[in-house]
Amino acid sequence: MTPAARISAAIEVLTDIDARRRPATDALKDWGLSHRFAGSKDRAAIASLVYDALRRKASAAWIMGEATPRAIVLGMLRLQRGLDAAAVAALCSGERFAPEPLTADERSRLESADLGGAPAPVAGDFPDWIEPSLRRLFGDDLVPEMRALTARAPLDLRVNTLKVPSREEAHDALPHLGAVETPLSPLGLRIAPGEDGRGPAVQSEPEFLKGWIEIQDEGSQLVALLAGVKPGEQVVDLCAGGGGKTLALAAMMENHGQIYATDNDARRLAPIHDRLARAGVRNVQVRTPRAKADAVTDLDGKIDCVLVDAPCTGVGTWRRNPDAKWRLRPGSLDVRRKEQEAVLDRAARLVRPGGRIVYITCSILPEENDDALTAFMERHDGFTPLPPAAVLDAARLGPLEKAVRPTAHGLQLTPLRTGTDGFYAAILVRNP
């Protein structure tokens, strides 16, 4: 397919997303099934165009004066891809499979594209209803912070120290991937996204199959390190899901002590077994709930560290899931807050006196972070948040203090300040 034909296809996919109000992945899959002549490179390029358009949906519509799929794609080519009006016009020739030629108004708008004076939700490309929440956290930095969430995310890897002694050895084994060491995590390697937005097929690399590396955002690596788990401790990963942070904790504990991995949705635990085996993890006991019964009741009051990787809106992952921000609704936030309340209350019963709850979200909304912990401490006496500086020092991540944004109870990572997904982490210690 020609570049122009790919743009036409992206407009077609966005039209389907708008008409049927469904995730981009579903629309792209259906387009591929109905256009089998398109090769894998074509499908990847079309997906990249669609996701870039969703990243800049509000600002592209602003400069073009309308929010049609065509207008959003044209505006995105100007704002996200950096094409000038002449380059966009060359792609819109109206010839076979190419978009129709630019109108005089479209060309004029592309030539004069300017977000000066645009309201924050437009300039930062986010739903307007969450602006008050975001301003509480970011203040005058709101637009720069949110613009950083419109960029493409890199592919980050975590080196598994249970299988390979150092990051340097793993790095030297992967020269063909162009990986570089992450600036903040001592365990991370980073691969820049390609022109089509995709990274290499890391899962087929021998080093991945041998368990040397795991795919994990640098921010996720950092908040796992902040948990400060040590060999010999008793740990519960209460929302373990597929096991990404469970694996990181096991490596930190050097396979000594015990981690109990569970999740209230048994289906989410399905991938964890193969991942544990590949990574060489021997100190994890997977507790699968049966008929909604609590799988860790016998551990109440006995646990040194309860990791709560809480269900959340995922606002901090919008670099990777740009269509999610336009599907987020106030009702979704309300549901997540109730889930966070329930899982924190469960954690409170598990942790022993002197033990700690490590609360993590991939969100930047205060309602899911500081507010959730404030409400928790109002319900439960005897829990004290550790100051962010103390959390960082205990994890030997003191240099990170200059990059993170401290909050009332924890610390916030963001793409602008840390180059990671948006993660929140806080540690609550149960008084002896």
Side-chain angles (χ1 to χ4, degrees), residues 120 126 129-146 148-149 184 219-220 222-228 238-239 305-317 330 333-334 336-348 351 354-395 397-418 420-431:
F126 61 88
W129 67 269
I130 61 171
E131 181 179 357
S133 298
L134 295 173
R135 281 205 181 276
R136 287 174 55 198
L137 176 66
F138 295 135
D140 292 340
D141 294 334
L142 173 57
V143 170
E145 287 279 6
M146 298 310 293
L149 267 176
L184 300 174
S220 182
L222 290 168
V223 294
L225 289 169
L226 292 177
L238 200 52
C239 307
C305 175
V306 182
L307 186 79
V308 177
D309 189 9
C312 68
T313 57
V315 173
T317 67
L333 177 57
D334 292 339
R336 293 292 178 252
R337 293 180 69 184
K338 291 177 182 176
E339 292 172 342
Q340 291 151 12
E341 178 180 322
V343 74
L344 278 167
D345 288 347
R346 183 66 192 95
V351 67
R356 63 200 183 278
I357 296 173
V358 180
Y359 181 74
I360 295 168
T361 73
C362 52
S363 177
I364 55 176
L365 298 179
E367 290 89 342
E368 301 188 274
N369 299 332
D370 276 355
D371 291 1
L373 294 186
T374 296
F376 169 78
M377 288 184 284
E378 289 173 352
R379 297 192 305 274
H380 298 272
D381 293 331
F383 285 89
T384 303
L386 282 181
V391 172
L392 293 168
D393 286 344
L397 292 171
L400 188 58
E401 187 173 3
K402 295 180 180 179
V404 299
R405 183 182 293 273
T407 69
H409 303 315
L411 49 88
Q412 183 76 59
L413 284 68
T414 65
L416 181 67
R417 295 178 67 124
T418 57
T420 68
D421 285 351
F423 277 95
Y424 172 88
I427 296 181
L428 301 179
V429 177
R430 183 175 182 181
N431 299 341

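Numbering of residues begins at 1 and proceeds along the displayed sequence. Just the heavy atoms: all of them, side chains too, but no hydrogens, waters or symmetry mates, feed the values below.
R417 places a side-chain N or O within 3.5 Å of a backbone atom of A403 that can act as its donor or acceptor partner. Panel note: side chain R356, backbone L386; no donor-acceptor pair is recorded below 3.5 Å.
In plain terms, the two heavy atoms of Q412 and F423 that are nearest each other are NE2-O, 3.0 Å. Residues R135 and A120 approach most closely at NH2-CB, 3.6 Å, considering heavy atoms. Here the closest non-hydrogen pair linking A347 and V306 is CB-CG1, 3.7 Å. Taking all atoms of both residues into account, the shortest heavy-atom contact from I364 to G422 is CG2-CA, 4.1 Å. C305 and V358 make their closest contact through SG-CG2, 3.7 Å (heavy atoms, listed as atom of the first residue, atom of the second, distance). Closest non-hydrogen pair, L226 versus I427, comes out as O-CD1, 3.2 Å.
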Give the C-alpha distance, both sets of side-chain angles, the deciding distance and a yes or no for side-chain contact (heavy atoms from CB on, under 4.5 Å) between F138 and M146. CA-CA 9 Å; F138 295 135; M146 298 310 293; 4.1 Å; yes
Stepwise, does the side-chain contact (heavy atoms from CB on, under 4.5 Å) test hold for D421 with C362? CA-CA 7 Å; D421 285 351; C362 52; 5.9 Å; no
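Annotation: the span from S363 atom OG to L333 atom CG amounts to 8.0 Å, rounded to 0.5 Å. In this structure, CD1 on I360 lies 10.0 Å from SG on C239, to the nearest 0.5 angstrom.
Residues satisfying the side-chain contact (heavy atoms from CB on, under 4.5 Å) test with R336, not counting sequence neighbours, are P311, T313, E339, Q340, E368. The side chain to side chain donor-acceptor pair (under 3.5 Å) check on D371 picks up R136, with sequence neighbours excluded. Listed by chain and number, the residues in a ring-ring contact (aromatic ring centres under 6.0 Å, His included) with F376 are H380, F383 (sequence neighbours excluded). Applying the side chain to side chain donor-acceptor pair (under 3.5 Å) rule to T418 yields the partners T420; only residues at least two apart in sequence or on another chain are considered. Residues that satisfy the side-chain contact (heavy atoms from CB on, under 4.5 Å) test with S133, not counting sequence neighbours, are L365, P366, E367.
Between the side chains of Y424 and D370, a donor-acceptor pair is found at a separation under 3.5 Å.
When side chains are defined from C-beta on, L411 counts as touching L392, because their heavy atoms get closer than 4.5 Å. Residues P385 and L373 are not in side-chain contact: their nearest non-hydrogen atoms beyond the backbone lie 4.5 Å or more apart. The shortest side-chain heavy-atom distance between D141 and R405 falls under the 4.5 Å cut-off. You'll find the side chain of L184 stays beyond 4.5 Å of the side chain of L413, heavy atoms only. You'll find the side chain of V308 stays beyond 4.5 Å of the side chain of R346, heavy atoms only. Using a 4.5 Å heavy-atom cutoff, the side chains of L428 and Y359 are not in contact.
Applying the 6.0 Å contact sphere to CG of D140 captures no more than 12 heavy atoms from other residues, nucleotides or ligands.
Contacts classified as salt bridge (Lys or Arg N to Asp or Glu O under 4.0 Å) and involving residues 373-394 (residues at least two apart or in different chains) are given here: D345-R379.
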